[in-house]
Amino acid sequence: MTAPTEPTAPATTAPTTPTASTPDVDVLHYSAFTARPDGGNPAGVVLDAAAVADDDAAMTAIAARVGYSETAFITERDEAARRYRLRYFSPLAEVAFCGHATIATAVALTERDGPGELVFDTASGEIRVETTADGDGPPRATLTSVPARSRPADPGTELGPTLAALGWSTDDLDPALPPHVAFAGNDHLVLAAATRERLADLAYDFDALDAVMRRHGWTTVHLVWRETAEGEGPADGFVFHARDPFPVGGVVEDPATGAAAAAFGGYLRVLGLVGRRTRVRIRQGEDMGRPSDLLLDVTPDDPRSRVSGQAVPIPRTA
C-alpha cells in the first residue's frame, strides 16, 4: 500500500518550531495509555492556544508539524472552575473527539495544577475527567464519554467494502461478535477478528479504506480480538486486543485509541455482553512496537463509557 509514515514517535522529539505565518505556541509532547514515553500513543498538547483559537488552518498546520495522530488545543479556559474548551486536530483536519489526547491534556494539567476533576467542552459535548496522582507512577486520568450507542453495520455498503480494503473475508471475523458502527463522540466501525493471527497481519489498502471511511464518516476502524470472555480473565472483567487504522487522519494506525475504546463500551453494552459493571482491559499498539493499556468500564444501565489510562511526557531536545 502507499501511505504516510506511521507516527511511531521516538523517545526524544524536537519542539515545534513556528513559521512566519503561524503564531508561536508551546506544544507539549505526551504519550498516553502508557507509563513509558516509548509506549502508548503520542499526542501534542497546547495548554494555551489563545493565539490560534480562531485559526483552524494554523492549528492544522501545527498538528501536521508535530506529526502525531492528534494534537489537542485549549482555546478557552475558566481556571477557577477547571473548565476548558478543547479542540483536536490530526495532521489533516479537526477531529470531534480524541480520547488519548484528552488523557494527555488532563495529565499535563494535573502535573501543572494538581489532581482533581476537569471538564472539557468538545465538539462532541461535555467530557468530565477525574485525575489522580498518588506518587506511584505517572498520574492517571479517567474520562467519562458522552452517551455511547451502537448499531449493526450494513453488509453491502459498509462491511463489504471495508473487508475488501482490509484484504479480509467474512471467515476472518468472529461470528459471536457481529460488525457494528459504534459511537461515543464519533463513529467507529467495530470488526472482531476470529484469531490473534488475523489481527496481527494488518496490511491494508490505505486509499481504499480512506475512501470507505470518508463516505460513512468513521474516525477509525476498531479491529479487536477477544482474548478472554467475562469470567475467564481478570476477576472483574475480560481482555481484548485492538488495532485502529486511521487513514482519514493521514495515519496508518493509531497505537492507542481512547475514543474507539469508549465507543466499544457502547458496542458491548448494546450486545448485552456486560451484565454488571465490568472492566475491559484493552491491549493496543503491540504490533506497532508501542504497547498501550486502556481500561474501559461499562455499566449496563449507564450509556456512558469510562476510559482510564496514564500519560507521560516525551523528552524533548533543546
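Keep in mind that the numbers below use all heavy atoms, side chains included, and drop hydrogens, waters and symmetry copies.
- Tested against Asp297 for a salt bridge (charged side-chain N to carboxylate O under 4.0 Å, His left out), the candidates Arg304, Arg281, Arg279 yield a single pass: Arg279.
- Residues Thr162 and His216 are not in side-chain contact: their nearest non-hydrogen atoms beyond the backbone lie 4.5 Å or more apart.
- For the pair Leu191/Leu163, a side-chain contact is recorded, criterion being any heavy-atom separation below 4.5 Å from C-beta on.
- Sorted by first and then second residue, the pairs that involve residues 164-179 and meet salt bridge (charged side-chain N to carboxylate O under 4.0 Å, His left out), not counting sequence neighbours, are Asp172-Arg198.
- In this structure, Tyr84 and Val129 have side chains that are not in contact, with every pair of non-hydrogen atoms separated by 4.5 Å or more.
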Evaluate the side chain to side chain contact (heavy atoms under 4.5 Å, CB included) criterion for residues Ile103 and Leu143: first the C-alpha distance (whole Å), next the side-chain angles of each, then the deciding distance (0.1 Å), finally the verdict.
CA-CA 7 Å; Ile103 296 295; Leu143 69 85; 4.0 Å; yes

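- Side-chain contact check for Leu199 versus Arg243: some heavy-atom pair is nearer than 4.5 Å.
- Counted by atom type alone, Tyr267 and His222 present zero donor-acceptor pairs between their side chains at under 3.5 Å.
- Legend: residues meeting side-chain contact (heavy atoms from CB on, under 4.5 Å) with Pro313, ordered by chain and number and at least two apart, are Tyr30, Glu111.
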Check: residues 175-185 side-chain donor-acceptor pairs under 3.5 Å, at least two apart:
unit_1: His180; atom_1: ND1; unit_2: Ser150; atom_2: OG; d: 2.7
unit_1: His180; atom_1: ND1; unit_2: Arg151; atom_2: N; d: 3.4
unit_1: His180; atom_1: ND1; unit_2: Arg151; atom_2: O; d: 3.3

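- Taking Thr102 as the reference, Tyr88 meet the side-chain hydrogen bond (donor to acceptor under 3.5 Å, both in side chains) condition, with sequence neighbours excluded.
- More than 12 heavy atoms of other shown residues, nucleotides or ligands fall within 6.0 angstrom of atom CG in Asp134.
- Residues passing the ring pair (Phe, Tyr, Trp, His ring centres under 6.0 Å) test with His188: none are found, sequence neighbours excluded.
- Of all heavy-atom pairs spanning Leu92 and Gly249, the tightest one is CD1-C, 3.8 Å.
- Note that CZ of Phe206 and CZ of Phe246 are 9.5 Å apart. Values are rounded to the nearest 0.5 Å.
- Using a 4.5 Å heavy-atom cutoff, the side chains of Asp113 and Glu79 are in contact.
- Residue Ala106 comes nearest to Thr131 through the heavy atom pair CB-CG2, 3.9 Å, listed as atom of the first residue, atom of the second, then distance.
- Among all heavy-atom pairs drawn from Thr110 and Pro139, the shortest one is CG2-CB, 4.2 Å.
- The residues Arg290 and Asp38 are annotated as not salt-bridged, no charged nitrogen and carboxylate oxygen being separated by less than 4.0 angstrom.
- The 12-atom threshold is exceeded at CZ of Arg215, counting heavy atoms of other residues, nucleotides or ligands nearer than 6.0 Å.
- The only option from Arg306, Gln310, Arg140 that meets the side-chain contact (heavy atoms from CB on, under 4.5 Å) definition with Leu295 turns out to be Arg140.
- With Asp205 contributing its side chain and Ala208 its backbone, the two residues share a donor-acceptor pair below 3.5 Å.
- Residues forming a side-chain contact (heavy atoms from CB on, under 4.5 Å) with Ala200 (at least two apart in sequence, or on another chain): Arg196, Asp287.
- Residues Asp187 and Thr219 have side chains not in contact (no heavy-atom distance under 4.5 Å, counting atoms from C-beta outward).
- Take Trp168 and apply the ring pair (Phe, Tyr, Trp, His ring centres under 6.0 Å) test, not counting sequence neighbours, and it matches no residue.
- Note that CZ of Arg277 is 5.0 Å distant from OG1 of Thr299, once rounded to the nearest 0.5 Å.
- Val146 and Gly125 make their closest contact through CG1-CA, 4.2 Å (heavy atoms, listed as atom of the first residue, atom of the second, distance).
- A donor-acceptor contact closer than 3.5 angstrom is absent between the side chains of His241 and Gln284.
- For the salt bridge (charged side-chain N to carboxylate O under 4.0 Å, His left out) condition, the pairs that include at least one residue of residues 82-97, sequence neighbours left out, are Asp56-Arg87, Arg83-Asp121, Arg83-Glu126, Arg87-Glu94.
- In this structure Val298 satisfies the side-chain contact (heavy atoms from CB on, under 4.5 Å) test together with Arg269, Val274, Leu296, sequence neighbours excluded.
- Residues His29 and Pro42 have side chains not in contact (no heavy-atom distance under 4.5 Å, counting atoms from C-beta outward).
- Partners of Phe89 by ring pair (Phe, Tyr, Trp, His ring centres under 6.0 Å), not counting sequence neighbours, listed by chain and number: Phe73.
- Looking only at side-chain heavy atoms (C-beta outward), Trp218 and Val248 stay at 4.5 Å or farther from each other.
- With values rounded to the nearest 0.5 angstrom, Leu202 atom CG is found 7.0 Å from Leu166 atom CG.
- Considering every non-hydrogen atom in both Ile74 and Leu47, the closest pair reads CB-O, 3.5 Å.
- From Arg112, atom CZ reaches atom CG of Leu28 across 9.5 Å, with rounding to the nearest 0.5 Å.
- Scanning for ring pair (Phe, Tyr, Trp, His ring centres under 6.0 Å) contacts around Phe120 gives an empty result, with sequence neighbours left out.
- What you find for Ser90 and Ala63 is that their closest heavy atoms are O-CB, 3.4 Å.
- For Ala256, the side-chain contact (heavy atoms from CB on, under 4.5 Å) partners at least two apart in sequence or on another chain are Phe33, Asn41, Ser292, Leu294.
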